[in-house]
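Report on one structure; see the data block that follows.
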Protein chains: 2
Amino acid sequence: MLVNEGKGQQSMSTKKNLPVIGVLGGTGKEGGGLAFRWAHRGYPVFLGSRSAEKAIEAAAAMNKELGIDRVRGGSNREAAAAAEIAVLSVPYAAQRTTIMEVQDALKGKILVDVTVPLMPPKVNRVQLPDNGSAVEAIQKLLGADVHVVSAFQNVSAHHLKDLSHVTECDVLVCSDDPVASDEVIKLVHAVGLRGWNGGVLANSIVAEGLTSVLIALNQRYKVPSAGIRITGIPDAKVM
Amino acid sequence: MLVNEGKGQQSMSTKKNLPVIGVLGGTGKEGGGLAFRWAHRGYPVFLGSRSAEKAIEAAAAMNKELGIDRVRGGSNREAAAAAEIAVLSVPYAAQRTTIMEVQDALKGKILVDVTVPLMPPKVNRVQLPDNGSAVEAIQKLLGADVHVVSAFQNVSAHHLKDLSHVTECDVLVCSDDPVASDEVIKLVHAVGLRGWNGGVLANSIVAEGLTSVLIALNQRYKVPSAGIRITGIPDAKVM
């Protein structure tokens, strides 16, 4: 079954053909959890943070836990430069400034944007920025040279570091570049989740807004992490 | 199990305590399918249509199929007047004009809006009207006297008339009136689906947009009707 494919199979050597993933905001819970799962599956990972020191420490801790030297750390700029695929996982308030700091290092690359436009205190209410999706604004800012892909907005960070935990949440992947979407769907599978090509980048509105709906469900039904599953598509049709 | 509760149990007499459901656009595929399932479960139903004649014919056909006289038909105005709970199931282009025709008959009632803002030809792309949700515009138009609830946007009309078909799609129910949401969740269960209180009416953006994402998935993976399931909430917590 797809979601468990390779579960627990840790590659002892970093695979040569896997791209370097640079995670901006890689010391956060979501970014750090994804980074850990990718490193565990053999991807070389570079953790970025506003504080390079914090990222270096976090990388050392991950390497210790993995028992292999596969994760490096540094500033967000260094992570963007080292990345073959960059992942942005920062709070919404820091999304734009982080991108502006690193944009010249992203040219020609895939940028996976994990940002959710949550506006405290009403995080259980969908509040879209300028009435559009947050990631579309980033694509406009970066221009067509960067292949922006939206993904992972609905995955609770809670259990990502627990490799034995099966997260019951599918990932919608949206982009105006279908080839980039396919690459990111591979990264979704690598963390043990099911990823679906949800169409153009504008469709990311749904994934971004859905996080607020899931928070509303968590509150209403007193559960820690409601999620979604896509139904009606046989596993055999995936990738 | 909730979704199959009472499946196949047709009440031979219309239950006295169930509200009359008036379906505006009740001769359409989605509205007609929902109406048929409600009538089958004992709800008195009034089908409305722009053509009263067509609705009367459709009601007669349903009664024949059900083997009991439980469905009436007439104009959309008559359906709104007869309704204790009104359901709006018309194409997006007709949403506003239909509501304006019947608005005085809706005062104090629940209006379940099933409308999806699909804008052909790009139905696989989320295109929100005036960058908000379609149902919020309807709530503004009707004012606080009408309890507007958004639901059923993601349910494929395909199999609604086939009572033995188990549709694998949950229903997000959004409203600024939580009591009205609870009433509508009962109607969701009555058609054999799982309904979830997705929070305030603004959150309907997700359900409305999700239909375009599901159409994108149908096209990408060559399936007839992708859907969603909410995960992480035990059945026991529902209602």
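From a predicted model like this one, the values you see are computed outputs, not experimental measurements. Residue numbers start from 1 in every chain, and the chains themselves are labelled A, B, ... in the order their sequence lines are given, proteins ahead of strands.
When each of A:Ala202, A:Ser212, A:Gly199 is scored by its heavy-atom pairs under 4.5 Å with chain B, the top score falls to A:Ala202. Ranked by heavy-atom pairs under 4.5 Å with chain B, the list A:Leu172, A:Val200, A:Asn203 is led by A:Asn203. Of all the listed residues (B:Ala226, B:Ser225, B:Cys169, B:Ser156), the one sharing the greatest number of non-hydrogen pairs under 4.5 Å with chain A is B:Ala226.
Looking at B:Glu183, its side chain never comes within 3.5 Å of a backbone N or O of B:Ile85 through a donor-acceptor pair.
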Dump the intermediate steps for side-chain contact (heavy atoms from CB on, under 4.5 Å) on B:Val87 and B:Phe152, then the final yes or no.
-> CA-CA 10 Å; B:Val87 176; B:Phe152 295 109; 5.8 Å; no
query = Between B:Leu34 and B:Val23, does a side-chain contact (heavy atoms from CB on, under 4.5 Å) hold up when you go through it step by step?
reply = CA-CA 9 Å; B:Leu34 292 170; B:Val23 184; over 6 Å; no
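With a threshold of 4.5 angstrom between heavy atoms, B:Ile215 does not approach chain A through any atom at all. With a 4.5 angstrom heavy-atom cutoff, B:Asn124 touches chain A only via backbone atoms.
Looking at B:Gln95 and B:Asp113, their side chains do bring a donor and an acceptor atom within 3.5 Å of each other.
Taking the six-membered ring where tryptophan is involved, the planes of B:Tyr221 and A:Trp196 are perpendicular, since the angle between them exceeds 60° and thus also 30°.
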